[in-house]
Amino acid sequence: AGVKEDSFNVLDLAEYTKNRPWWRKVFAPSSGSSAEKYNVATQLVIGGVTGWCTGLIFQKVGKLAATAVGGGFFLLQIANHTGYIKVDWKLVERDVKKAKQQLKFHGSGNKTSPEVKSRVDEVIIFLKKNVILTGGFAGGFLLGMAS
């Protein structure tokens, strides 16, 4: 009896995904620039509305975070003043010096990794292909932050 050999096509997903931009993975396999799909007014409206919503959310979250950090710092100061907690300022100073040294060490190497560089290049290409949409988003974001 003859053994039939099955032939399989092997798809290396790691190589396949390396060659595909992240926005195509997120939105759709056939998504190119929005200029090919929508007219200028539609792109401005879509960009403006999403930018405004993002700006509004960013503003609200920013206020909440600032309130939480400020309130927490205020409570810690009260607890320190009343004697509930005791802060070891020598330890704080030592840790701050250590953090400064680590930042200087990491900041001196100014080389970006190839992966970060490729992601930045992808974003720049996306922004260039969708200038109108990006402009609408930026304007809407600023309006959302101001309102």
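- Contact between Thr54 and Phe137 at its shortest, heavy atoms only, is OG1-CE1, 3.7 Å.
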Handout entry: Audit row: Arg119, Val123, side-chain contact (heavy atoms from CB on, under 4.5 Å) steps and yes/no
Key = CA-CA 6 Å; Arg119 295 292 180 224; Val123 169; 5.7 Å; no
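- Pairing each heavy atom of Ile85 with each of Asn80, the nearest pair is O-OD1, 3.4 Å.
- Placement of Val96 and Trp89 within a single hydrophobic cluster is found when ILVMFWY residues are connected by side-chain heavy-atom separations under 4.5 Å, directly or transitively.
- Taking OG1 from Thr134 and CG from Leu44, the interatomic distance works out to 10.5 Å, rounded to the nearest 0.5 Å.
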Problem - Working for side-chain contact (heavy atoms from CB on, under 4.5 Å), residues Gln59 and Leu56 - result: CA-CA 5 Å; Gln59 179 192 31; Leu56 198 62; 4.0 Å; yes
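- Heavy atoms only, all atoms of each residue included: Trp52 and Leu143 are closest at CD1-C, 3.8 Å.
- Distance check: Thr42 OG1 to Ile132 CD1 gives 10.5 Å after rounding to the nearest 0.5 Å.
- The CZ atom of Phe141 lies 10.5 Å from the CD1 atom of Ile57; values are rounded to the nearest 0.5 Å.
- Applying the salt bridge (charged side-chain N to carboxylate O under 4.0 Å, His left out) test to residues at least two apart or on different chains, the pairs with a partner in residues 72-95 are Glu93-Lys97.
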